[in-house]
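Working notes, beginning with the structure itself.
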Protein chains: 2
Amino acid sequence: MARKSQSDPAQTPFGSNPALPVDAKSGAPRAADKIRRTARELFYAEGIRAVGVDEIVTKAGVTKPSLYRAFPSKDELAAAYLRDYDAEFWQRFEARLDAAGRDNPRAGLMDFLQSLNDRASAPNYRGCGLSNTAVEYPDDAHPARRVSEDHKRKLRLKLAELAADMGADDPKQLGDGLMLLIEGAFVSGQIFHAGGGPARALVDAATRLIESHLKG
Amino acid sequence: MARKSQSDPAQTPFGSNPALPVDAKSGAPRAADKIRRTARELFYAEGIRAVGVDEIVTKAGVTKPSLYRAFPSKDELAAAYLRDYDAEFWQRFEARLDAAGRDNPRAGLMDFLQSLNDRASAPNYRGCGLSNTAVEYPDDAHPARRVSEDHKRKLRLKLAELAADMGADDPKQLGDGLMLLIEGAFVSGQIFHAGGGPARALVDAATRLIESHLKG
DNA sequence: CATTTAACGTACCGGTCAGTCACATGAACA
DNA sequence: TGTTCATGTGACTGACCGGTACGTTAAATG
């Protein structure tokens with residue numbers, strides 16, 4: 001028989017799911033990790049509210065008590081999903097900046113925008129899991145929304161920081177303008193999903209916006 | 001006793017609910033209209049999936065069979081909500097354009113953006129009901145999502161049309177750039193809800209983008 | 001006044017939801 | 001061998017979900 005769904009590559013618009021951590025001795029993936037992995041796929045693709053815990057545990061090949069031993073509630077599982085999502089986002093984001101060189105923030109940012117542009121044109125693109133969650137859960141007290149809000153605040157600061165590094169006269173304004181473009185690409189990418197709708201204008205619009213701020 | 005919740009102004013970030021149509025003879029609002037009105041408030045404020053039909057009929061002061069006599073399903077009620085939303089959107093949008101004069105599309109658009117900027121800073125702002133629905137329902141076949149997609153396609157065309165009227169060298173590109181900014185304001189407005197987050201940069205960024213296209 | 005017709009409510013359906021329980025299994029370790 | 005730890009089994013809960021069969025009311029109509 002060997003392992004079964006282990007070979008499934010699980011390609012998603014936000015990147016492939018990383019290899020599952022395995023138990024040091026037995027070599028078998030732990031139930032909690034399988035749940036995390038499956039929850040991420042389903043939550044991202046269909047939305048959190050649309051996915052039931054039964055569906056998660058069934059697809060993960062585990063059982064419900066395993067889920068509730070690892071996570072106190074579905075809401076907390078959703079929050080954990082978003083914390084993973086957040087961590088991977090920054091990993092990829094910083095990687096782009098590093099690749100372009102820390103002395104060239106504009107190239108790094110444009111690189112990120114180009115990759116977002118590409119992903120947003122993929123057929124099954126579903127935008128940003130963190131933004132989507134804020135739409136699904138208006139209540140600030142919801143644990144998943146908290147992760148989403150924290151992430152967006154951090155992104156906003158980071159963009160302003162990059163704008164300052166680029167030498168913009170009004171870095172906050174440029175940072176916010178860039179953020180609007182990025183969030184706009186997230187949502188319109190998933191509305192006009194195949195072939196990329198307005199998201200195809202992302203790089204061009206960002207370039208013009210940056211130019212405008214740098215000339216001033 | 002008199003009428004009870006009739007006086008409730010129902011102020012929402014997308015404008016106050018219009019007066020309920022009343023029966024020509026009895027002078028009483030019809031059940032279907034009360035449902036439509038209540039559904040719109042709840043769907044917008046909390047999301048479609050988050051609101052059950054029981055909550056709708058209870059708050060509307062009617063009963064479930066009245067809902068299902070007027071609408072074939074909850075999904076179709078959601079679609080009807082979005083058709084109303086769409087109609088009001090264009091009504092307000094075109095009104096701005098008319099007020100500025102059809103020979104001055106740029107002023108009309110900027111007027112609309114300014115009003116969006118203001119609404120997006122309101123404490124209970126929840127973005128665009130049509131965009132939110134696309135996030136909630138990834139399936140293209142869902143009746144509510146269909147309304148959302150149709151609306152966004154139409155908006156995209158309209159923005160390109162306005163860009164052309166402004167004399168842009170690449171109207172589609174400018175239209176798409178503006179659309180990214182608008183969608184970005186919808187979502188970040190509801191994430192950074194009070195005091196307006198990045199949405200405060202909407203007018204400035206749009207101005208710079210337009211200027212950039214007009215100089216080319 | 002009797003009857004039709006339209007609008008509405010009462011009471012209920014089966015299914016699914018998140019979450020829990022006591023208990024069995026099986027491998028690692030001492 | 002006995003203990004510990006992660007996991008599975010299977011049954012169960014109470015709330016809620018979207019949706020419906022059927023009865024009631026009252027105004028309009030002949």
Side-chain angles (χ1 to χ4, degrees), chain A residues 1 3-6 20-39 42-43 46-81 133 136-137 139 141-144, chain B residues 3-5 20-39 42-43 46-81 133 136-137 139 141-144:
Chain A
M1 288 295 162
R3 56 266 176 104
K4 40 180 184 181
S5 60
Q6 173 77 357
L20 239 36
V22 295
D23 188 88
K25 304 299 171 64
S26 69
R30 305 220 154 187
D33 292 318
K34 291 197 273 183
I35 291 166
R36 249 180 139 101
R37 179 204 190 95
T38 306
L42 291 174
F43 282 160
E46 303 177 28
I48 296 171
R49 295 198 117 112
V51 176
V53 292
D54 287 283
E55 189 183 350
I56 295 172
V57 297
T58 300
K59 198 178 173 193
V62 299
T63 57
K64 237 191 302 186
S66 283
L67 193 159
Y68 285 98
R69 275 187 280 259
F71 305 93
S73 65
K74 182 197 174 183
D75 288 346
E76 286 298 337
L77 172 60
Y81 146 63
T133 301
E136 280 199 277
Y137 295 94
D139 180 8
H142 193 284
Chain B
R3 58 262 175 109
K4 38 179 183 180
S5 61
L20 238 37
V22 294
D23 187 88
K25 305 296 172 62
S26 68
R30 307 223 153 187
D33 292 318
K34 290 197 274 185
I35 290 166
R36 246 182 143 100
R37 179 204 189 96
T38 307
L42 291 173
F43 282 160
E46 303 177 29
I48 297 171
R49 295 198 117 111
V51 175
V53 292
D54 288 281
E55 190 182 349
I56 295 172
V57 297
T58 301
K59 199 178 173 193
V62 300
T63 57
K64 245 194 293 191
S66 286
L67 192 161
Y68 284 97
R69 265 179 236 114
F71 306 92
S73 65
K74 182 197 175 185
D75 288 345
E76 286 298 337
L77 172 61
Y81 146 64
T133 301
E136 281 199 276
Y137 295 94
D139 181 8
H142 193 284

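Note on naming: letters A, B, ... go to the chains in the order of the sequence lines (proteins, then strands), and numbering restarts at 1 for each one. Nothing here was measured: the structure is a model prediction, and the numbers come from that model.
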[X] [atom1] to [N] [atom2], straight-line distance once rounded to whole Å:
X	N	atom1	atom2	value
Ile35(A)	dG19(C)	CD1	C1'	14 Å
Leu67(B)	dG9(C)	CG	C1'	14 Å
Ile56(B)	dC17(D)	CD1	C1'	12 Å
Glu55(B)	dC16(D)	CD	P	11 Å
Arg30(A)	dA27(C)	CZ	C1'	12 Å
Arg69(A)	dT20(C)	CZ	P	12 Å

| field | All side chain to side chain contact (heavy atoms under 4.5 Å, CB included) counterparts of Ala31(A), not counting sequence neighbours | value | Val62(A), Ser66(A)
| said: Just to verify, what does Ala80(A) make a side chain to side chain contact (heavy atoms under 4.5 Å, CB included) with, not counting sequence neighbours? | reply: Arg36(A), Phe71(A), Arg83(A)
| task | For Lys74(A), check side-chain hydrogen bond (donor to acceptor under 3.5 Å, both in side chains) against everything at least two apart and list the hits. | result | none
| request: Mind checking side-chain hydrogen bond (donor to acceptor under 3.5 Å, both in side chains) for Arg49(B) and listing every partner two or more places apart, or none if nothing turns up? | output: none
| field | Most 5' of Thr63(B) and Ser73(A) on DNA chain C, judged by nearest nucleotide | value | Thr63(B)
| Got a sec, which residues hit ring-ring contact (aromatic ring centres under 6.0 Å, His included) with Tyr137(A), two or more places apart in sequence or on another chain? | His142(A)
| message | Please confirm whether the shortest side-chain N or O distance from Tyr68(B) to OP1 or OP2 of dT20(D) is below 4.0 Å. | response | no
| said: Between Ser66(B) and dA7(C), is there a contact of a side-chain N or O with OP1 or OP2 at under 4.0 Å? | reply: no
Which atoms of nucleotides 11-17 of chain C (N or O only) lie under 3.5 Å from a protein N or O atom, and what are those distances?
none

| task | Find out whether Leu77(A) and Ile56(A) are in side-chain contact, i.e. whether some heavy atom of one side chain is under 4.5 Å from a heavy atom of the other. | result | yes
